[in-house]
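Reviewing the structure listed below.
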Amino acid sequence: MRIAAKLVDEIVAHARQEAPNECCGMVAGVDGAATRVYAARNAEASPFRYVIHPQDQIRIMTEIEDRGEEIAAIYHSHTKTPAEPSQTDINLAENWPDPLYLICSLADPNAPSVRAFAIRGGGVEEVELLVE
Ligand SMILES: [Zn+2]
């Protein structure tokens with residue numbers, strides 16, 4: 001997936017803002033390129049898990065649809081662990097296998113990392129993130 005550096009910065013800023021809790025949100029896209037980052041509330045307000053707040057989810061999905069764009073990715077943060085899907089993340093993705101999953105890790109606070117994964121049928125495959 002192609003994504004502008006500015007959008008990656010938005011995700012990292014959101015992760016820092018919510019730390020030590022996980023942040024979450026959605027990324028809109030067109031033809032495999034990210035177009036916009038939508039921050040959402042983490043309904044769990046937890047350092048270990050995330051659930052996109054249902055009200056935010058409806059609002060964001062409506063906005064993305066109105067713009068004629070797609071839900072390209074779901075993002076969340078790991079404040080202490082690497083940017084790799086946890087078993088919790090894999091289980092959660094079972095209900096929603098279409099979007100990619102972006103994970104922003106703040107494990108090294110000076111070098112946040114953002115990686116993208118396809119999580120389908122319990123399997124995890126890293127997807128190249130082309131930051132432009
Ligand atoms: Zn996670």
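Atoms within each ligand, like the ligands themselves, are counted from 1 in listed order. It should be emphasised that the depicted structure is a prediction, and the values quoted were computed from it without experimental measurement.
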For the Zn ion (ligand 1): protein N/O/S atoms at distances below 2.8 Å: 4
W96 vs I71 side-chain heavy atoms within contact, under 4.5 Å: yes
Salt bridge E84-R115, side-chain N to carboxylate O under 4.0 Å: yes
Interatomic spacing from CE in M26 to NE2 in H76 - rounded to 0.5 Å: 14.0 Å
Aromatic plane relationship, H14 with Y75 - under 30° parallel, 30 to 60° tilted, over 60° perpendicular: perpendicular
Heavy-atom side-chain contact between I103 and S77 under 4.5 Å: no
Pairing of D9 and K6 as salt bridge, 4.0 angstrom limit: no
